[in-house]
Amino acid sequence: MTVETVISQAMEAWRRLGVDEDAAAEMAEELAADLTAAARDGRDPGAYLGDDVDALATSWAVERGLLLHPRLKETALAAAGGAFVPAVLALVFAFLSWSHTFDPCTGAGTGPDGEVLGCRSTLDAPWMWVGWAACMLVAYFMMRRNVAVTLQHHLAPAREATMRALTRTLPLVIAAAALVGGGIGLLGSDVFGSFAILAFPLALVGMLGAAAGGAALVRHRTRPKAEPESPAG
């Protein structure tokens, strides 16, 4: 590892972190001076800094108060992206149940024993509930992975705290998203009438919005905070 390599990696890390260019250039000059002094003492850059240049660049930017970007938008988009496929699959299960694809309606009238014939309730299909449970489980892992990868890519500070909080909170976020989608679906027939199928895309938007909002709220609560300024004098 050479001085030039370290400086290049540090500059790339600061760029990804959103550090101001002038501040990044100033830190790069200081880092180059430190590495040059270390080289005169017989220490190579790897021994002086360690192997994790990204971690060094991040901690340095945090110490100087240059790294306070909350990355709320990135967190929300990552969570929504992770929830998209499971949410679509959940709506597919709901649509198949709603349309009675696997158990066609028998029509009106009575059966041979006098029982009333007709369509069962949409929410009576056991396979739909099993499918929803599987979708929620998949959503948990996909959302968690997407947010972790996104925060790591941006070298977001306090990402470990965010992921710990998200691990605890994500089941509630997913449950809330499911309730939003289910509520829109149940109200669809009353609101849209013969156009009740429109409730499905609206339910998808609602679920993704709830997932994104929940993850962004967790990030907001665990984001790095600016240090309060000391009173003058």
Side-chain angles (χ1 to χ4, degrees), residues 18 69-105 119-154 156 158-159 161-223:
H69 197 302
R71 300 295 180 187
L72 299 182
K73 180 180 71 174
E74 292 83 352
T75 301
L77 291 176
F84 180 78
V85 171
V88 169
L89 291 176
L91 289 177
V92 169
F93 284 120
F95 176 80
L96 292 176
S97 180
W98 174 73
S99 62
H100 301 279
T101 300
F102 295 140
D103 53 343
C105 298
C119 299
R120 61 154 178 78
S121 171
T122 297
L123 298 179
D124 282 349
W127 53 264
M128 183 190 72
W129 291 103
V130 173
W132 280 5
C135 289
M136 293 176 73
L137 184 63
V138 172
Y140 174 86
F141 289 104
M142 292 185 67
M143 290 173 65
R144 189 178 184 282
R145 177 185 178 277
N146 271 22
V147 172
V149 170
T150 297
L151 294 181
Q152 175 63 37
H153 173 74
H154 291 286
R159 57 183 179 273
T162 297
M163 293 312 302
R164 286 195 298 269
L166 192 64
T167 298
R168 297 190 301 268
T169 311
L170 202 51
L172 295 178
V173 172
I174 294 173
L179 288 175
V180 169
I184 294 174
L186 290 175
L187 293 174
S189 58
D190 296 332
V191 175
F192 297 104
S194 57
F195 297 98
I197 195 172
L198 293 176
F200 288 95
L202 291 178
L204 177 61
V205 172
M207 286 191 289
L208 296 181
L217 179 60
V218 172
R219 176 60 184 169
H220 173 74
R221 294 175 64 88
T222 57
R223 76 191 192 282

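- Rounded to the nearest 0.5 Å, atoms CD1 (Ile174) and OG1 (Thr169) are 11.0 Å apart.
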Kindly indicate, with the supporting measurements, whether the criterion side-chain contact (heavy atoms from CB on, under 4.5 Å) is fulfilled by Met128 and Leu96. CA-CA 8 Å; Met128 183 190 72; Leu96 292 176; over 6 Å; no
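- Heavy-atom minimum distance, Pro86 versus Val138: CG-CG1, 3.8 Å.
- Across Trp127 and Ser97, no two heavy atoms sit closer than the pair CH2-N, 3.5 Å.
- Note: Leu202 CG to Met207 CE = 11.0 Å, rounded to the nearest 0.5 Å.
- Taking both residues in full, the closest heavy atoms of Ala165 and Thr222 are given as CB-CG2, 3.8 Å, listed atom of the first, atom of the second, then distance.
- A distance of 7.5 Å separates CG in Leu166 from CZ in Arg144, rounded to the nearest 0.5 Å.
- The nearest pair of heavy atoms linking Arg219 to Leu72 is CG-CD2, 3.6 Å.
- With sequence neighbours left out, the side-chain contact (heavy atoms from CB on, under 4.5 Å) criterion links Ala176 to no other residue.
- The two residues Leu91 and Phe200 make their nearest non-hydrogen contact at CD1-O, 3.4 Å.
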Output side-chain donor-acceptor pairs under 3.5 Å for residues 74-84, partner residues at least two apart or in another chain, one line each.
{"unit_1": "Glu74", "atom_1": "OE2", "unit_2": "Arg71", "atom_2": "NH1", "d": "3.2"}
{"unit_1": "Thr75", "atom_1": "OG1", "unit_2": "Arg71", "atom_2": "O", "d": "2.7"}

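- Listed here is the closest heavy atom pair of Ala175 and Met136: CA-CE, 4.0 Å.
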